Student: 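Let me begin by handing over the structure; questions about it come next.
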Amino acid sequence: MNLLKNKIDFIALISVSMANPNGDPLNGNRPRTDYNGFGEISDVCVKRKIRNRMQDMGERIFVQSDERCDDGFGSLSERAGAVMGKIKDRDEYARLACETWTDVRSFGQVFAFESNEKKSDGKKADGVSVGARGPVSVHQAVSLSPVEINSIKITKSVNGNPKEKRGNDTMGDKHMVRFGLYRIRGAINVQLAEKTGFRQEDADLIRECLRTLFENDASSARPEGSMEVFRLYWWEHNCPSGQYSSAKVHRSLKIALKSGVEVPACPEDYDITLEELPGLACQIINGV
């Protein structure tokens, strides 16, 4: 087993064109923005896409979405119980979970499930409460400039069931970001990798998942080609704790609007420069 030996930092630049990268359910599913108008994609959304890509590559995933379930289990507790059985030792439980599921040894997981069994006195047996802290941390993505959101009205002209009486004037809304270049920051911690059994091969898998993040991800909100990984920056340090802090590494990528550009319409409207950090090389990978 080739465990991860050196710290890794990464940045992915995501291009969004006429798509809704991450709708906010508390705001009519409009694209997420902060109070200054900068677009946001939650870290949960990014990790969901990474998990989906892991599944596409044949990895076993614990946190599966319903439409991508590939093992027949309808809940996390069922999936955990089928593998763990009646293991009560916390360390053994966490070790087996990390060994079994790639996303658990990458991002970590909290296993907190009630038991359906009863003790001899008729009381409910103790459930499971085990936590595993993963080495891969991902920030929420934020656009490099404020984004313009377009909203259009759509109509429904087909009834969903015979009792519905809807005309073609039934209205709905669809929202999209006209253009945005988003930045995802992240890192992989060696000390936590040792605890979960995270391997160098797993780090290579994370890199490939980020490079191909939007393969098999098209939907009506994100049509094919509307979202892409523009560029991926990948730093592998030469020691477990890293030569530099993650904050300093992430700051070494400088991005600013080109002179004369007020409203960006493509990634080429930005000047992107990488400050060299002595002793630390950066692998620059273009997206799909």
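Quick note: numbers below take in every heavy atom, side chains included, and nothing from hydrogens, waters or symmetry partners. Worth saying up front: this structure is predicted, and the values here are computed from it rather than measured.
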Student: Does either side chain, that of Arg48 or that of Ser65, offer a donor lying less than 3.5 Å from an acceptor on the other one?
Tutor: no
Student: Quick one about Ser151 and Arg30 (side-chain donor to acceptor, distance below 3.5 Å, no hydrogens or angles considered), yes or no?
Tutor: yes
Student: Under 3.5 Å, is there a donor on one side chain and an acceptor on the other for Ser246 and Lys7?
Tutor: yes
Student: Does the distance from a Lys or Arg side-chain N to an Asp or Glu carboxylate O, for Asp56 and Arg68, drop under 4.0 Å?
Tutor: yes
Student: Determine whether a donor-acceptor pair (N or O, by modelled atom type, separation under 3.5 Å) exists between the side chain of Gln243 and the backbone of Asn238.
Tutor: yes
Student: What distance separates Trp234 CH2 from Asp9 CG, expressed to the nearest 0.5 Å?
Tutor: 9.5 Å
Student: When you look at Tyr270 and Phe230, which way does the ring pair (Phe, Tyr, Trp, His ring centres under 6.0 Å) test go after all the steps?
Tutor: CA-CA 12 Å; Tyr270 290 90; Phe230 173 65; 9.3 Å; no
Student: Can you confirm whether more than 12 heavy atoms, excluding those of Lys5, are under 6.0 Å from its NZ atom?
Tutor: no
Student: With a 3.5 Å distance limit and no angle check, can you tell me whether Asn6 reaches the backbone of Glu236 through a side-chain donor-acceptor pair?
Tutor: no
Student: Kindly determine whether Thr100 and Arg60 satisfy side chain to side chain donor-acceptor pair (under 3.5 Å), including the steps that lead there.
Tutor: CA-CA 7 Å; Thr100 302; Arg60 294 183 69 179; 5.2 Å; no
Student: So, the side chain of Asp34 versus the backbone of Asn36: is there a donor-acceptor pair under 3.5 Å, distance only?
Tutor: yes
Student: For the CD atom of Glu59 and the OG atom of Ser106, what is their distance to the nearest 0.5 Å?
Tutor: 8.5 Å
Student: Can you spot which of Asp71, Asp70, Asp103 makes a salt bridge (Lys or Arg N to Asp or Glu O under 4.0 Å) with Arg79?
Tutor: Asp71
Student: Anything under 30° is parallel, anything over 60° is perpendicular, the rest tilted; go ahead and classify His237 against Tyr244.
Tutor: tilted
Student: Is any side-chain heavy atom of Arg53 less than 4.5 Å from a side-chain heavy atom of Glu208?
Tutor: no
Student: Would a single hydrophobic cluster contain both Leu274 and Ile8, if residues Ile, Leu, Val, Met, Phe, Trp and Tyr are joined by side-chain heavy-atom contacts under 4.5 Å?
Tutor: no
Student: Are Tyr93 and Val110 connected in the hydrophobic side-chain network, where two residues link if heavy atoms are under 4.5 Å apart?
Tutor: no
Student: Looking at every non-hydrogen atom in both residues, tell me the closest pair between Leu3 and Phe198 and how far apart they are.
Tutor: CD2-O, 3.6 Å
Student: Is Trp235 close to Ser252 at the side-chain level, that is, under 4.5 Å between some pair of heavy atoms?
Tutor: yes
Student: Any donor-acceptor pair under 3.5 Å linking the side-chain atoms of Arg32 with those of Gln140?
Tutor: no
